[in-house]
Amino acid sequence: MSHFQSSYQRVARDSCFTRLDIRSKLFMICAVTAVALLWQNLAASGSLTLGIILVALWAGIDWHYIRSVLLLSTIFGVTLLFFHGFFPHVGIHQLAGRTTLTPLFTFPAHWRLLGGQSLYREGLLYGLSVLAKTLSVVLIIPVGIFTTELDNLIIGLVRAGLPYKIAFIFSSTLRFFPLLLTRIQTITEAQRLRGLALEKMGVVQKTHSYAKIAVPLILGVLLKSQMLELTLQARAFSGSSERTQLHDSRWGPGDYLLCACSTLFWGGALIAYFGWGIGKWRAKKREGE
Amino acid sequence: MTKPIAHFDNVSYLYPGAKVPALKNINLEIHQGEFLGLIGPTGAGKSTLCQTLNGSVPQFYGGRFFGQVIMAGLDTVEHPISELARHVGLVFEDPEMQLVAPSVENEIAFALENLRVPRAEIRARIPQVLAAVRLSGTEKRHPQELSGGQKQRLAIAAALAMRPALLVLDEPTSQLDPLGAAEVFATLRQLNRELGITILLTGHDAEELAAHADRIVLLAGGELVAQGTPQEIYSRVELLAAQQLRPPQVTRTFQLVRQRGVVIPQLPTRLAAGKRLLHALPTSCPTAKNEHVAAPDHLGPALLAIKNLTQRYANGTPALHNISLEIRAGEYVLLVGQNGAGKSTLVKHFLNLLTPTAGTVTVDGLDTRQLETSELAQRIGYVGQNPDDQLFTASVEDEVAFALQNLGYAEAEIERRVTVSLRQLGLVAQRTAHPLSLPRGDRARLVSAAMLAMEPEIIILDEPTTGQDYRGAKYILELSRELHQRGKTIIVITHHLYLMPEYAERVIVLGKGTILLDAPLRRAYHAKELLRRTYLTPPQAVLLAQELAPPAGGSAPLHVTPEEVAACFLPGGGR
């Protein structure tokens, strides 16, 4: 099976999202991203992330994909929590509205490097909030992209004013990333067939082994790209936007509705934020302050 | 003769950096409505010649180009590829890499959209071309849901939709199973005969080209060596042999008959003609009762054992169903079946690349689930279908040394084994070259060299002859014979049945995930009806042998090679 073609993660089933134009879905992505970036409060950001996960599942995004994103984000999350928890920057102090933060625990003073260092509650909350924002942005994108046929994606992007060549490259890139992953798997399998015991290696050895894959990976992809370019030219592809289309973009009432809902959500979030402080960081008052 | 639609005038071409020209002084005309076959060994310049027709050579590759190619009245150097694409439909070898759209109808529409054909016209052409390639009703399907033969026919449909003056197909059947290849040839024949489409096809299918082409052009070393009707070219067996090519088996058979002193005015190149000639000549040969089909007696104990193996993919698709078999040490087994029959899936269980859904697989009594792939690889050498998926180092010698380093050999021993392995596969001269810079045939041999350096006791060759010319295929199979004679157990998967009688002893026929037949090679090759059920066709020598059945009744001799069939003809016969 052609990995180039098959591995674009188009959702397997129809939903209201699959019937919408990519332009309205892009508008939704922008609105949700703006709100995610606006909110600082962990409860609000976390609720938004949870809501997006539910919407993604409803839209037919594969749970395995979502789980992979969540697993990958744990590395990012641990890093965030470590730095913000132990080394809160001045912005966290400003958000908390005070110079001294709430220590949850402190390492014994005689420990090397971390001795005497405290883990702060506000730093942890801030780190979790940033993680939730990031997840919201990362997970809303597939709701728009993976629910769109590649052909409709290109048509929609061109209708949105993007040059055809750029839209085609964008859609090709979407198909190419999974190709890279498949190619890594293939090379790894070939190495195992030549006695490479990855399962017996330590982390450093494994990393070294994976690093060696980079060159054949890139070379292989370049060769495939060259073949693809040859094929495209043989099909009269020149990258010109002056071309006809078999299908037209499908902008309908649902798209108007989604745009209206996205605008309301974004506008409502702004008003609630500035009017009643919903989504703002809520500093916990300490006794005596 | 009809007017030429393409004209090569003294064309020579060198790829960038090349010292040897890929094409040398080519003078050729392609005529309206003809079916032209282009044959030649690997590296002859066939693909290069094809790509001059749409301007990819030299416009895409660069290099130095001499002479002139006029296609549909346009000079292919002066007009852009996108303009020439209106006149030349190009279909490549790999059906996977030339499908670019998310649905069948979009695939066909893609080129038309680029050519700014109005939407109504695109919609009108889609059903026309799908009907022409017998893919009607697949409009909304994803191209990857189609079989290999269907994908290649879709690529042909996409090219046809542009209504080109010439349809060029560069080895379009080399990666297809016999069913897929037959589908493609039937489609091309129909397009040529009924719609008058001019076709240029390159390939190694001597039997198919002899049956379908109007004219054959033989290319070697970039030069046009000979051209003529299939009868004229394929009957020149010595000329073909000098270029490491083979004639159809029927031609080879009657050439051998002629060498026995039988007068044959014209060697047949098509099976039907061969059968007619066979019945007109006196023959005498033993019947099946006298045929030796017993299992070889040199075999050791069971080395590979499969018991009640069932494999279902994650999506529930059944791949193998309740398979049981044993392969003994020292056997040479041929595994055949159409694409999707489960051949590769079956052998991947020996290496624990797949875990059985049910049942057990053992290697020398050890359950493969208890062993890592890297451990099994020391005993079982597996060469997969696509060499490019198995090359990952920066030089030919590094590629061979990779496994030896993993197995902990000393430097001196690694050096010795690398040299021996490269010599066995004829790759010593390319020792420092980058693996991906080698021609496909050499790349496939390099993977074999890397695997053989480990000196495994079991060797699995998965489609080793795909993409190889006759010489390359024989090279690999001769090596497999040598290894077999040294006591190795060999398993070969291939669709090229005509290559295997000299090598394999036992044939396992798979169909829809089950074993349809497990028999000595002679019996298996003559199980014509059963092979047909899995869309396999016996070699022409077998089909000729079956014509040798006594008219009064009785079985045909279980002959499988042209030499055996030719031996049945009485010397001094003929007209």
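Numbered from 1 within each chain, the chains take letters A, B, ... in sequence-line order.
- Contact of B:Asn54 with chain A is made through the side chain alone, with heavy-atom distances under 4.5 Å.
- Chosen from B:Gln378, B:Arg119, B:His434, the residue pairing most often with chain A at heavy-atom distances under 4.5 Å is B:Arg119.
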Show your working on side chain to side chain contact (heavy atoms under 4.5 Å, CB included) between A:Phe237 and B:Val100 and close with a plain yes or no. CA-CA 11 Å; A:Phe237 178 80; B:Val100 296; over 6 Å; no
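- With rounding to the nearest 0.5 Å, the separation of CD1 in B:Ile81 from OG in A:Ser238 is 11.0 Å.
- Within the 4.5 angstrom heavy-atom criterion, only side-chain atoms of B:Glu375, from C-beta onward, approach chain A.
- Interface remark: of the candidates B:Leu353, B:Ile126, B:Leu376, B:Leu353 forms the most heavy-atom pairs closer than 4.5 Å to chain A.
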Under the side chain to side chain contact (heavy atoms under 4.5 Å, CB included) rule, what do A:Thr188 and B:Phe392 come out as? Steps first, then yes or no, please. CA-CA 9 Å; A:Thr188 310; B:Phe392 43 79; over 6 Å; no
Could you give me the CA-CA distance, side-chain angles and deciding distance for B:Phe110 and A:Arg243, then say whether side chain to side chain contact (heavy atoms under 4.5 Å, CB included) is met? CA-CA 10 Å; B:Phe110 181 75; A:Arg243 65 196 301 278; 3.8 Å; yes
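- How far CD of B:Gln59 is from CD of A:Gln233: 8.0 Å, rounded to the nearest 0.5 Å.
- Heavy-atom contacts from other residues, nucleotides or ligands closer than 6.0 Å to CD of A:Gln185 number 12 or fewer.
- Options B:Ser82, B:Ala159, B:Ala377, B:Ala85 differ in how many heavy-atom pairs under 4.5 Å they form with chain A, and the most are formed by B:Ser82.
- Separation of atoms CG (B:Asp94) and OG1 (A:Thr231) is listed at 9.0 Å; rounding is to 0.5 Å.
- Looking at B:Ala450, both its backbone and its side chain come within 4.5 Å of chain A, counting heavy atoms on both sides.
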Side chain to side chain contact (heavy atoms under 4.5 Å, CB included) between B:His142 and A:Glu149, worked out: CA-CA 11 Å; B:His142 195 292; A:Glu149 287 285 1; over 6 Å; no
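- Residue A:Thr244 holds its OG1 atom at 3.5 Å from CD1 of B:Ile122, rounded to the nearest 0.5 Å.
- Only the side chain of A:Leu223 comes within less than 4.5 Å of a heavy atom in chain B; its backbone stays farther off.
- With a 4.5 angstrom heavy-atom cutoff, B:Glu399 touches chain A via backbone and side-chain atoms both.
- Nearest heavy atom pair, residue B:Met454 against residue A:Leu193, reads CE-O, 3.4 Å.
- Residue contact with chain A, scored on non-hydrogen atoms closer than 4.5 Å, is absent for B:Pro435.
- To the nearest 0.5 Å, atom OG1 of residue B:Thr373 and atom CD of residue A:Gln191 are 13.0 Å apart.
- Salt bridge B:Glu113/A:Arg235: absent, no basic N to carboxylate O contact under 4.0 Å.
- Shortest non-hydrogen contact noted between A:Ala236 and B:Asn114 is O-CB, 3.2 Å.
- When all heavy atoms of A:Leu230 and B:Ser56 are compared, the closest pair comes out as CD1-OG, 3.7 Å.
- Other residues, nucleotides and ligands contribute at most 12 non-hydrogen atoms within 6.0 Å of the CZ atom of B:Arg86.
- The most heavy-atom pairs under 4.5 Å with chain A, out of B:Leu407, B:Leu90, B:Leu351, B:Val117, come from B:Val117.
- Between the CG atom in B:Asn406 and the CZ atom in A:Arg194 there is a gap of 9.5 Å [rounded to 0.5 Å].
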